[in-house]
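Structure record follows, encoded as structure tokens.
One-based numbering along the sequence shown.
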Amino acid sequence: MNSKINQALKRGDLTLYEDLFASYPKKRQQEILKRARYLKAAMELKKLRKELRISQHELARKMKVKREFIARIESGEQNITIETLQRVAEATGREFEFH
């Protein structure tokens, strides 16, 4: 770890993520982890789209949805469903896997 970070931790200016997360009630921890899964899916979709060099508009056209829907997914505002993942896979010629 960076020495400046270590110094800030010793002074109490920073808190380790693990300590902060553990301080939340279990229900809040579950909500955070659920939200993190949606954000990870959003980042993976954007990464795939960039890798394929297609715009949000082009992906939306192939999926027969509005571009704004793709934008909301990629920003994490729209929860992504299995059905939507399947449509992304069909539109991009890719398969998706759960981890």
Side-chain angles (χ1 to χ4, degrees):
M1 209 180 297
N2 183 317
S3 65
K4 288 184 180 183
I5 292 174
N6 282 331
Q7 291 169 5
L9 284 168
K10 287 178 185 174
R11 286 192 311 268
D13 295 341
L14 295 176
T15 303
L16 289 173
Y17 168 80
E18 294 84 7
D19 296 339
L20 178 63
F21 188 75
S23 72
Y24 288 117
K26 292 291 181 194
K27 184 175 181 182
R28 181 69 180 132
Q29 289 179 14
Q30 290 171 344
E31 291 169 358
I32 291 168
L33 293 174
K34 181 180 179 181
R35 181 77 179 133
R37 285 191 298 271
Y38 286 124
L39 290 173
K40 184 175 181 186
M43 291 185 300
E44 289 297 321
L45 174 59
K46 187 172 186 173
K47 180 179 160 186
L48 172 63
R49 188 177 57 74
K50 296 283 185 178
E51 184 181 296
L52 296 174
R53 295 184 177 157
I54 59 174
S55 66
Q56 288 180 346
H57 179 75
E58 180 66 15
L59 179 58
R61 187 186 63 73
K62 289 181 176 189
M63 291 176 60
K64 297 179 174 70
V65 297
K66 293 184 178 184
R67 186 205 58 81
E68 291 81 8
F69 179 69
I70 303 300
R72 285 194 314 271
I73 291 172
E74 288 186 0
S75 69
E77 294 174 25
Q78 175 76 43
N79 294 343
I80 192 162
T81 64
I82 292 174
E83 179 184 331
T84 301
L85 288 172
Q86 186 60 44
R87 292 175 71 188
V88 169
E90 290 170 3
T92 60
R94 299 286 178 100
E95 292 184 19
F96 65 90
E97 299 175 5
F98 289 102
H99 297 278

Scanning both residues in full, the closest heavy-atom pair of G76 with L39 reads CA-CD2, 3.8 Å
Partner of N79 by side chain to side chain contact (heavy atoms under 4.5 Å, CB included), out of R37, R35, R72, K34:
R35
Shortest non-hydrogen contact between H57 and R67, atoms and distance:
N-CG, 3.7 Å
Are I80 and L52 connected, step by step, through hydrophobic side chains (Ile, Leu, Val, Met, Phe, Trp, Tyr) whose heavy atoms are closer than 4.5 Å?
yes
Quick check: is L16 connected to F21 through a chain of hydrophobic side chains (ILVMFWY, heavy atoms under 4.5 Å apart)?
no
Partners passing salt bridge (charged side-chain N to carboxylate O under 4.0 Å, His left out) against D13 (at least two apart in sequence or in another chain)
R11
Are L20 and L33 linked, directly or through other ILVMFWY residues, by side chains that come within less than 4.5 angstrom of each other?
yes
Distance-minimising heavy-atom pair for K62 and A91
CD-O, 3.4 Å
Restricting to side-chain hydrogen bond (donor to acceptor under 3.5 Å, both in side chains), what partner residues turn up for S75, sequence neighbours left out?
E77
Evaluate R87 against E90 for salt bridge (Lys or Arg N to Asp or Glu O under 4.0 Å), listing each step before the verdict.
CA-CA 5 Å; R87 292 175 71 188; E90 290 170 3; over 6 Å; no
Residue set satisfying side chain to side chain contact (heavy atoms under 4.5 Å, CB included) with K47, at least two apart, ordered chain then number -> E44
In this structure, are over 12 heavy atoms from other groups packed under 6.0 Å from E18 atom CD?
yes
Under the rule for salt bridge (charged side-chain N to carboxylate O under 4.0 Å, His left out), what residues qualify as partners of R94, not counting sequence neighbours?
E51
Show your working on side-chain contact (heavy atoms from CB on, under 4.5 Å) between L59 and L45 and close with a plain yes or no.
CA-CA 10 Å; L59 179 58; L45 174 59; 3.9 Å; yes
Mind checking what makes ring-ring contact (aromatic ring centres under 6.0 Å, His included) contact with Y24, not counting sequence neighbours?
none
Atom pair CG (L48) and OG1 (T92), whose distance is rounded to the nearest 0.5 Å:
5.0 Å
Basic-acidic side-chain contact under 4.0 Å: R61, E58
yes
Count I, L, V, M, F, W, Y as connected when their side-chain heavy atoms are under 4.5 Å apart, and connections chain through other members. Are I82 and M63 then in the same cluster?
yes
State the CD-NZ distance between Q7 and K4, to the nearest 0.5 angstrom.
8.5 Å
Looking only at heavy atoms, which two atoms of Q56 and I70 are closest? And how far apart?
CG-CG2, 3.9 Å
Listed by chain and number, what are the side-chain hydrogen bond (donor to acceptor under 3.5 Å, both in side chains) partners of S55, not counting sequence neighbours?
none
